[in-house]
**Student:** 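Right, I'll just put the structure down here and ask away after.
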2 protein chains.
Amino acid sequence: MSDTDRSSLVAPAPAEAAAYVRDAHERRAFCTLLGRCHVAYDGRTTSHAGPADRLVALKPDLTLLVHAADGPKPQNWLAADALDVDVEDGSLLLTATRESPTEELRVTFESIEQAAAMAADETDATVEISGTEADLKERVLADPALVEPGFRALAAERDTPAGPVDVFGRDSSGRAVAVELKATRAGPDAASQLSRYVDALRRDLHADADVRGILVAPSCTPRTRRVLARDGHEFVSLEP
Amino acid sequence: MSDTDRSSLVAPAPAEAAAYVRDAHERRAFCTLLGRCHVAYDGRTTSHAGPADRLVALKPDLTLLVHAADGPKPQNWLAADALDVDVEDGSLLLTATRESPTEELRVTFESIEQAAAMAADETDATVEISGTEADLKERVLADPALVEPGFRALAAERDTPAGPVDVFGRDSSGRAVAVELKATRAGPDAASQLSRYVDALRRDLHADADVRGILVAPSCTPRTRRVLARDGHEFVSLEP
DNA sequence: CGTTAAATGTCGTCC
DNA sequence: GGACGACGTTTAACG
């Protein structure tokens, strides 16, 4: 890596910044720009944001992110498959594009305070996560009595015409049970999902088969309770 | 702003970087760090990611973002309400914390290639977006015949015990109609939502009132079609 | 502060 | 490549 590569730029001229970003792009490096810019997006929706100080980040995979001062979400972003770096009317202009869906993100800088870049290594640093719905499923399969005494888990991801049921089993009296799992507080969608699965199982297992539905989650909202009650299903509180 | 404030750092020592980040934090500036680090999160779940080259960004509102080389989403993030900047065992350590919910994000740098910062102005640069569900609603209210000839829109966001119906109206023969809008391709949840509203309206308007349900979206998935058919509802294709 | 529904959601997985 | 459901979803609107 040359000395130039290792340097960042302070208050660069647009042409200098353009060369820097192009170089970063070619090296598949991270690149950050801090400065005043305005932003236009056109694709799934259309948006425009006026001039303000922002953080613009270009990632090795051509993801372009535009962050304003507030909030964890970027104001605009694009997982692009092409990037143009130009100087227009004396301003640095980044144009990121993507096909399928057709999208375009344009960032125009009025001024640039800082530019930095770093070539990324090839290390695959996957994130290990625990405490998810998959963990809750493992818990239930390992100890089905957590759902209710006498419950036997017979299958995970059991297929139905309405989609896979998280856990399928039978209660102590032999009745079929569909279990829908949520790792976080459950909303009405979870209850609707459970109803679809139970209906499908009733048809699948044979006419008027007796199928119970149980929603398992740390908690659920009141409206979810009402949907469950309306459809004759139950709720069991369980942490992942 | 002093000369030091305007400078970025190239390959700084941990203590130097720590002072730089603390200063940025105090000035409520954007700050970016490019370097090799590992990351640990504990809160809603627990996660850990081993050493790799990453982009770490600190925003004026104390949002901490950790980006790996791929993908538009940060690998880890935290909308923090406190940040500690320390040097431990010769490494820069950022510890962002939040209460309610209790969360912690720790970033430990093995090496730092670049650090940059920029104080943010106070400009409130809101993003103007069009092509959303709100736009689709305006379209339907302005020209209800887009839903079907003779349709009259009587209310937007009409309240029901199951929540507000996007558009409520009557068809050419006077039958009540609930319209559920989606700006993008609709999935099964949209059909379930519609069913809940129609059921609530039937009870609300009087026993066995005749209420039609129409899902309006650019398109919908096959399973969504089946849910609509099962519940006797309809689909109308319309762009926002 | 809790609940609810939208989102340029994004991401993995399976077909 | 589409469909489907999870996600540390985040965010805005409303009571």
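First the proteins, then the strands, lettered A, B, ... as listed; each starts at 1.
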**Student:** Can you tell me which stems DNA chain D forms when a stem means 3 or more consecutive Watson-Crick or G-U pairs under 3.5 Å?
**Tutor:**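 Result, WC/G-U stems under 3.5 Å: C:1-7 with D:9-15, C:9-15 with D:1-7.
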
**Student:** Would you kindly give the CG-to-C1' distance between L65(A) and dG9(C), to the nearest whole Å?
**Tutor:**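 Computing the L65(A):CG to dG9(C):C1' distance gives 14 Å.
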
**Student:** Between P72(A) and C220(B), just flag the one whose closest nucleotide in DNA chain D comes earlier from the 5' side.
**Tutor:**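 Per heavy-atom nearest nucleotide, the more 5' residue is C220(B).
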
**Student:** OP1 or OP2 of dC4(D) less than 4.0 angstrom from a side-chain nitrogen or oxygen of R185(B), does that happen here?
**Tutor:**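 Checking R185(B) against dC4(D): no side-chain N or O falls below 4.0 Å of OP1 or OP2.
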
**Student:** Report yes or no: do S192(B) and S195(B) form a side-chain donor-acceptor pair below 3.5 Å?
**Tutor:**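 Judged by distance alone, the side chains do not pair up.
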
**Student:** Assess the side chains of E103(B) and Y41(B): does a donor N or O sit below 3.5 Å from an acceptor N or O?
**Tutor:**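 There is such a pair (donor and acceptor under 3.5 Å, judged by atom type) between the side chains of E103(B) and Y41(B).
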
**Student:** Check whether any side-chain N or O of D42(A) sits under 3.5 Å from a backbone N or O of T46(A) as a donor-acceptor pair, and report yes or no.
**Tutor:**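 The answer is no, because no donor-acceptor pair under 3.5 Å joins these two groups.
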
**Student:** So, does R202(A) use its side chain to make a donor-acceptor pair with the main chain of V211(A) at under 3.5 Å?
**Tutor:**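 Yes, the answer is positive, given that a donor and an acceptor are paired below the 3.5 Å cut-off.
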
**Student:** Which protein N or O atoms sit under 3.5 Å from an N or O of nucleotides 5-9 of chain D?
**Tutor:**
residue, atom, partner, partner atom, Å
dG5(D), OP1, Y197(A), OH, 3.3
dG5(D), OP1, R223(B), NH1, 3.0
dA6(D), OP1, E180(A), OE2, 3.3
dA6(D), OP1, K182(A), NZ, 3.1
dA6(D), OP2, K182(A), NZ, 2.7
dC7(D), OP1, E133(A), N, 2.8
dG8(D), O4', T45(B), OG1, 3.4
dG8(D), O6, N76(B), ND2, 3.1
dG8(D), O6, W77(B), N, 2.7
dG8(D), O6, W77(B), O, 3.1
dG8(D), N1, W77(B), O, 2.2
dG8(D), N2, W77(B), O, 3.1
dG8(D), N2, E103(B), OE2, 2.9
dG8(D), N3, Y41(B), OH, 3.3
dG8(D), N3, E103(B), OE2, 3.4

**Student:** Any donor-acceptor pair under 3.5 Å linking the side chain of R22(A) with the backbone of V85(A)?
**Tutor:**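 Between the backbone of V85(A) and the side chain of R22(A) there is a qualifying donor-acceptor contact (under 3.5 Å).
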
**Student:** Determine the Euclidean distance between corresponding C1' atoms of dG5(D) and dT9(D); express it in Å to zero decimal places.
**Tutor:**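 Nearest-Å result for dT9(D) against dG5(D) at atom C1': 13 Å.
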
**Student:** Rounded off to whole Å, could you give me the CG-to-P distance for the D70(A) and dT10(D) pair?
**Tutor:**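 In whole Å, dT10(D) P lies 16 Å from D70(A) CG.
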
**Student:** Is any side-chain heavy atom of V177(A) closer than 4.5 Å to a side-chain heavy atom of I214(A)?
**Tutor:**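 Heavy-atom side-chain distance check passes, below 4.5 Å.
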
**Student:** Rounded to the nearest Å, what distance is computed from the CG atom of residue D61(A) to the C1' atom of nucleotide dC11(C)?
**Tutor:**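 Rounding to the nearest Å, CG of D61(A) and C1' of dC11(C) are 14 Å apart.
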
**Student:** Does the side chain of V179(B) come within less than 4.5 Å of V165(B)'s, by heavy atoms?
**Tutor:**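 The answer is no, as the side chains (C-beta and beyond) never meet within the 4.5 Å cut-off.
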
**Student:** Would you kindly give the CG-to-P distance between L194(B) and dA6(C), to the nearest whole Å?
**Tutor:**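 Whole-Å distance recorded here is 12 Å.
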
**Student:** Which value, in whole Å, describes the distance between the C1' atoms of nucleotides dT11(D) and dC7(D)?
**Tutor:**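 My reading of the C1' atoms in dT11(D) and dC7(D) gives 15 Å.
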
**Student:** Return the value, rounded to whole Å, for the distance between atom CZ of R226(A) and atom C1' of dT4(C).
**Tutor:**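 It works out to 12 Å between those atoms.
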
**Student:** When the P atoms of dT4(C) and dT8(C) are compared, how many Å lie between them, rounded to an integer?
**Tutor:**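 Each nucleotide's P atom is 22 Å from the other's.
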
**Student:** CG of L64(A) versus P of dT8(C): gap in Å, rounded?
**Tutor:**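 Distance, rounded to whole Å: 17 Å.
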
**Student:** Could you tell me how far apart K137(A) (NZ) and dT13(C) (P) are, to the nearest whole angstrom?
**Tutor:**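 Nearest whole value for this atom pair: 11 Å.
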
**Student:** Using only atom types and a distance under 3.5 Å, with no angle test, would you say the side chain of R28(B) pairs donor to acceptor with the backbone of P60(B)?
**Tutor:**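 Such a contact is found between R28(B) side chain and P60(B) backbone.
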
**Student:** R98(A) CZ to dG9(C) C1': how many Å, rounded?
**Tutor:**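 To the nearest whole Å, that distance equals 13 Å.
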
**Student:** Regarding T95(B) and D86(B), is there a side-chain donor-to-acceptor distance under 3.5 Å anywhere?
**Tutor:**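 The criterion, which ignores hydrogens and geometry beyond distance, is not satisfied for D86(B) and T95(B).
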
